[in-house]
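One structure below.
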Amino acid sequence: MKLGFMTAILDGFSFEQVVQTAADLGYECLEVACWPRGKAVRRYAGVTHLDIDNLGDREIEAVQALLAEKNIAISALAYYPNTITEDLEQRDLHVSHFYKLIDAAGKLGVNTVTGFVGRVQEKTVEENLEIFQEVWTPIVAYAEERGINIAIENCPMLFGPDQWPGGQNLMTTPAIWRKAFELIPSKHFGINYDPSHFVWQGIDYLKPLYEFKDRILHVHYKDIKLYQDKLNDHGVMAYPLDYMSPKLPGLGDVNWAKFVSALTDIGYDGYTCVEIEDKAFEGCIEKVLNSLKLSYRYMRNFVI
């Protein structure tokens, strides 16, 4: 396995600065944020470290030369919108950018694109599965024709009132994964596995690794800390941020020794990337860099 990080945490850095930071800290790969240029609609989104709308032959050559010089790989091109939003104009924009990402990945020699499938948050799972099949079948077929994998993170995107009641990403549980993979059986369509989202949903985050080992195409290292007193007060039907917080790996409730051990059990030898969303390490660049240093130091106990 290779150890990297998701670059959205370095908003404001150029691609060259991101690569240099990774090299300086000892990381081996980067999941590169590739949102279209524009205003971010939420935290850790809207970051553009590679502008794929302006990625010509000269830019591609420069990217590949820099990566080779610093001995850094791109694990995936990352874009996490609500791709099946009920706003059809926005849906078309999100889907169009996914197609561009697939093309850009091929040109860069990258084999994976990461993201969300999205969800119409007021509709049922069953209704959303129908929309998912309609929207995503051609996207996955396009990716498969070009040898590109699509890895969907299992984040519900359900944290506060603006995402209530159903959240903004459908592929959040093993039960839904089974249905999604029946509808779109391509092996180029799989999971960007983040154990932290199973912690706060009350799901075993180790068992699904074994069942879905052939569908795990990318891995996130992010932790979650549950506050039992707050959960006792608010209950599981509350906004999740009322009783939990994202943390750096090792500062929450995921047992990373057991998690990485399970990855080795199933023979996973792909890319694994730290995802930083810990508010305790925000506010200045020193704290952000410290979050990457601490995460690297901790995860190197398990990923060599």
Side-chain angles (χ1 to χ4, degrees), residues 1 3-10 25 27 31 42-45 75 78 80 114 116 151-160 163 167 169 171-174 191-209 216 218-265 268 271-284 286-304:
M1 287 180 276
L3 179 61
F5 64 87
M6 201 287 181
T7 70
I9 193 63
L10 294 179
L25 296 179
Y27 285 99
E31 182 188 3
R42 57 181 170 82
R43 294 168 66 239
Y44 313 116
S75 69
Y80 292 87
T114 50
F116 297 142
I152 301 300
E153 186 182 351
N154 53 304
C155 174
M157 286 306 296
L158 173 58
F159 297 109
Q163 297 161 332
N169 185 36
M171 288 186 62
T172 58
T173 68
I191 303 160
N192 182 12
Y193 199 109
D194 185 333
S196 70
H197 299 301
F198 284 161
V199 171
W200 65 266
Q201 291 183 85
I203 297 172
D204 184 334
Y205 56 84
L206 299 178
K207 185 178 178 181
L209 288 169
I216 300 171
H218 198 271
V219 170
H220 270 177
Y221 296 141
K222 184 171 84 251
D223 221 330
I224 286 288
K225 185 174 183 179
L226 289 177
Y227 301 97
Q228 190 60 50
D229 58 333
K230 295 181 179 180
L231 184 57
N232 291 340
D233 193 36
H234 292 280
V236 296
M237 301 299 291
Y239 305 132
L241 285 177
D242 286 344
Y243 58 83
M244 66 81 164
S245 292
K247 301 297 292 183
L248 301 187
L251 299 184
D253 294 330
V254 176
N255 186 318
W256 292 102
K258 289 184 177 180
F259 181 74
V260 176
S261 176
L263 288 177
T264 64
D265 284 346
Y268 184 82
Y271 294 110
T272 63
C273 288
V274 172
E275 185 184 24
I276 308 290
E277 294 186 353
D278 191 331
K279 288 186 176 182
F281 291 87
E282 295 180 346
C284 65
E286 288 80 9
K287 288 185 177 181
V288 170
L289 292 175
N290 280 341
S291 73
L292 289 170
K293 293 175 185 176
L294 288 168
S295 297
Y296 176 86
R297 185 185 305 166
Y298 182 77
M299 291 311 303
R300 275 300 186 212
N301 287 299
F302 314 111
V303 183
I304 303 298

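Treat the numbers as computed from the prediction; the structure is a model and nothing was measured.
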Quick one: does N154's side chain have a donor or acceptor within less than 3.5 Å of a partner on D194's backbone?
yes

I want to check something: taking the side chain as every heavy atom from C-beta on, are D278 and S291 in contact at a cut-off of under 4.5 Å?
no

Quick check: does any side chain N or O of T264 sit under 3.5 Å from a backbone N or O of S261, one acting as donor and the other as acceptor?
yes

Would you indicate whether the side-chain heavy atoms of L263 and V219 approach each other to under 4.5 Å?
yes

Heavy atoms from other residues, nucleotides or ligands near CZ of R300 exceed 12 (cutoff 6.0 Å)
yes

Taking all non-hydrogen atoms of both residues into account, name the closest pair between P249 and Y298 and its distance.
O-CD2, 3.5 Å

Pairwise side-chain contact, V260 with M299, heavy-atom cut-off 4.5 Å (strictly under):
yes

With a 6.0 Å cut-off on the ring centroids, do F116 and Y80 count as close?
yes

Test I276 against Y44 for side chain to side chain contact (heavy atoms under 4.5 Å, CB included), laying out the working first.
CA-CA 9 Å; I276 308 290; Y44 313 116; 5.9 Å; no

Distance-only side-chain donor-acceptor flag, Y221 / T272, under 3.5 Å:
yes

Aromatic rings F159 and H197: how do their planes relate, parallel, tilted or perpendicular, breaks at 30° and 60°?
tilted

Is the closest basic N to carboxylate O distance between D253 and K225 below 4.0 Å?
no

Checking N232 side chain against Q228 main chain: does a donor-acceptor pair fall under 3.5 Å?
yes

Could you pull out the closest heavy-atom pair between L251 and D223, with the gap in Å?
N-OD2, 3.6 Å

Measuring from E153:CD to E275:CD, what's the distance to the nearest 0.5 Å?
5.0 Å

Taking all non-hydrogen atoms of both residues, which atom of T173 and which atom of F198 are closest, and how far apart?
CA-CE2, 4.3 Å

Beyond-backbone contact of I9 with E277, side-chain heavy atoms, under 4.5 angstrom:
no

Could you check whether the rings of Y193 and F259 sit parallel, tilted or perpendicular, using 30° and 60° as the cut-offs?
tilted

Closest approach of A78 to M6 (non-hydrogen atoms, all atoms of both residues)
CB-CE, 3.6 Å

Closest non-hydrogen atoms of I224 and P246, given as atom of the first, atom of the second and distance, are CD1-CA, 3.7 Å

If we ignore angles and hydrogens, is there a donor and acceptor under 3.5 Å between the side chains of T114 and E31?
yes

Minimum heavy-atom distance C155-N169, with the two atoms named
O-ND2, 2.8 Å

Do Y239 and Y243 have ring centres separated by under 6.0 Å?
no

Side chains of V254 and Y205: closer than 4.5 Å at any heavy-atom pair?
yes

